[in-house]
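Side-chain atoms are counted along with the backbone in the values below, which use heavy atoms only and exclude waters and symmetry mates. When a residue number appears, it is its place in the shown sequence, counting from 1.
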Amino acid sequence: MGIVLKSDAELEKMWAANQVVCDVLDALEETIAPGVTTGDLGRIAAELCDKAGATSAFLNYAPPQHPPFPSVLCASVNDVVVHGIPSDETRLESGDIISIDFGCSVDGYFGDSARTVAVGEISARARQLLDVTQEALERAIEQCVAGNRMSDLSGAIERYVEQQGFGIVRVFGGHGIGRKMHEDPPVPNYVAGGRNPRFKRGMVLAIEPMVNVGSADVKVDADQWTVRTKDGQLSAHFEHSVAILGDTPWVLSRRDSRRAVATA
Ligand code: MG
Ligand code: MG
């Protein structure tokens, strides 16, 4: 369907949806502690989504050949890369890492963001994984200026992650976002061949590097959702929804990001 550019008024609406996403992730991050289940986190996210008058982007989301996703939240612990299903059986322990990924729409416009959080005390290696993944996302955001191309963004992620000796997951990536959660263009976390769109004002990209301590290879559980590292090692995931303006990217899913841009 091609890339849909958003007007300033539409970007404001996307900002509003993304601020709800940020509120939900902040609340979950405060709740995350040893003893909490991912089922608890799913229920809290659902309640906050309702209270905000937002509509979940994930609940009952069903790509072809997939059962509908059963929660408003993806909760992915340790070797789970993305799309973990919240469960009362999955109880967090000190030393775990958990990716929380939440998306919703407000007034017909979508927001999508994720972060990976430490549970209690984590290993130095796990901390390094979180830092590298977050830094990869920051480096990608820096590339979100008009005139750049997708390969500038993808290359920034791929180069940095590989320099750090970690594996960048290739089979999943980011996406355009707007009136749908998944729009054109795909936002690969490595330099893919083929289409390489130039960034223009009004493009909005959900950028989401997924980084593995070991090999980049992943497998999917029998539930058809849960994506795990093939080698069982840790994986982390950070995501922001970012609007292209001119020289200064607008990170819609960052707390109070409007003010920063309005005064820039
Ligand atoms: Mg997401
Ligand atoms: Mg996404």
Side-chain angles (χ1 to χ4, degrees), residues 17 20-63 65-106 110-123 125-127 129-130 133 169 172 181-182 206 208 210-213 218-239 253:
V20 173
V21 173
C22 184
D23 289 343
V24 170
L25 293 180
D26 282 354
L28 295 177
E29 191 169 346
E30 273 179 36
T31 306
I32 287 170
V36 172
T37 71
T38 59
D40 297 330
L41 298 176
R43 281 186 293 275
I44 292 168
E47 198 176 297
L48 293 172
C49 183
D50 266 7
K51 256 193 205 159
T55 305
S56 169
F58 297 176
L59 181 64
N60 295 323
Y61 181 77
Q65 268 94 59
H66 277 68
F69 192 78
S71 177
V72 305
L73 182 73
C74 294
S76 306
V77 179
N78 293 337
D79 65 316
V80 179
V81 179
V82 286
H83 305 163
I85 298 172
S87 162
D88 291 334
E89 259 99 81
T90 308
R91 193 170 292 279
L92 299 174
E93 293 175 24
S94 185
D96 287 344
I97 59 171
I98 174 174
S99 152
I100 43 175
D101 187 352
F102 181 78
C104 69
S105 64
V106 175
F110 281 81
D112 189 8
S113 180
R115 48 182 95 151
T116 302
V117 177
V119 183
E121 290 296 308
I122 62 171
S123 68
R125 190 69 169 151
R127 172 54 59 193
L129 174 69
L130 302 196
T133 311
V169 174
F172 295 93
M181 179 167 61
H182 296 120
E208 47 184 316
M210 293 150 238
V211 178
N212 297 350
V213 160
V218 298
K219 59 184 182 183
V220 181
D221 281 1
D223 65 20
Q224 295 186 62
W225 282 109
T226 311
V227 178
R228 293 178 192 274
T229 58
K230 220 174 220 173
D231 61 14
Q233 295 197 71
L234 295 177
S235 183
H237 173 220
F238 283 81
E239 177 179 27
S253 49

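- Taking 4.0 Å as the cut-off between side-chain N and carboxylate O, D79 and K219 do not count as a salt-bridged pair.
- Between F69 and G84, the shortest heavy-atom contact is CZ-O, 3.7 Å.
- Side chains of V117 and I97 form no contact here, defined as non-hydrogen atoms less than 4.5 Å apart.
- Residues C104 and V21 are in side-chain contact: their nearest non-hydrogen atoms beyond the backbone lie under 4.5 Å apart.
- In this structure, R43 CZ and T38 OG1 are separated by 9.0 Å, a value rounded to the nearest 0.5 Å.
- A pairwise comparison of heavy atoms in V20 and A54 identifies CG1-CB, 4.1 Å as the closest pair.
- Taking 4.5 Å as the limit, some side-chain heavy atom of L28 sits within range of a side-chain heavy atom of L73.
- Partners of H237 according to the ring-ring contact (aromatic ring centres under 6.0 Å, His included) rule, which considers only residues two or more places apart in sequence or in another chain, do not exist here.
- Within a 6.0 Å radius of CD in E29, other residues, nucleotides and ligands contribute more than 12 heavy atoms.
- Under the 30°/60° scheme for interplanar angles, the aromatic rings of H83 and W225 are found to stand perpendicular.
- The side-chain heavy atoms of V227 and V220, taken from C-beta on, include a pair separated by under 4.5 Å.
- How far CZ of R115 is from SG of C22: 5.5 Å, rounded to the nearest 0.5 Å.
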**Item:** Candidate pair L92 and I32, rule side-chain contact (heavy atoms from CB on, under 4.5 Å), full reasoning
**Value:** CA-CA 8 Å; L92 299 174; I32 287 170; 4.0 Å; yes
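- When the ring-ring contact (aromatic ring centres under 6.0 Å, His included) test is applied to F58, no partner is found at least two apart in sequence or on another chain.
- For the pair T229 (side chain) and V218 (backbone), a donor-acceptor distance under 3.5 Å is absent.
- Expressed to the nearest 0.5 Å, how far CG of N78 lies from CD of Q233 amounts to 12.0 Å.
- Across L130, L234, V81, T133, a single residue satisfies side chain to side chain contact (heavy atoms under 4.5 Å, CB included) together with V211, and that is T133.
- Side-chain contact between L129 and T116 is absent, with no heavy-atom pair separated by less than 4.5 Å.
- Across E121 and S94, no two heavy atoms sit closer than the pair N-OG, 3.1 Å.
- Taking 4.5 Å as the limit, every side-chain heavy atom of D221 sits out of range of all side-chain heavy atoms of V80.
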**Request:** Start with the C-alpha gap between D223 and I85, add the side-chain angles, then the distance that decides, and say whether side-chain contact (heavy atoms from CB on, under 4.5 Å) holds.
**Result:** CA-CA 9 Å; D223 65 20; I85 298 172; 3.8 Å; yes
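- A 4.5 Å side-chain heavy-atom check between I44 and E47 finds every atom pair outside the cut-off.
- Counting only distance, with no hydrogens or angles, the side chain of S113 and the backbone of E239 share a donor-acceptor pair below 3.5 Å.
- Looking at V24 and K51, their side chains never come closer than 4.5 Å, going by heavy atoms from C-beta outward.
- In this structure, the separation between CD1 on I100 and SG on C74 is 11.5 Å, given to the nearest 0.5 Å.
- The shortest heavy-atom contact between I122 and R127 is CD1-N, 3.6 Å.
- Contact record, G42 with S71: CA-OG, 4.3 Å, taken as the closest heavy-atom pair.
- With F102 as the partner, the side chain to side chain contact (heavy atoms under 4.5 Å, CB included) test is satisfied by one option alone out of V72, D112, L41: V72.
- Side chain of T31 to backbone of A27: a donor-acceptor contact under 3.5 angstrom is found.
- Of all heavy-atom pairs spanning S235 and N212, the tightest one is OG-OD1, 2.7 Å.
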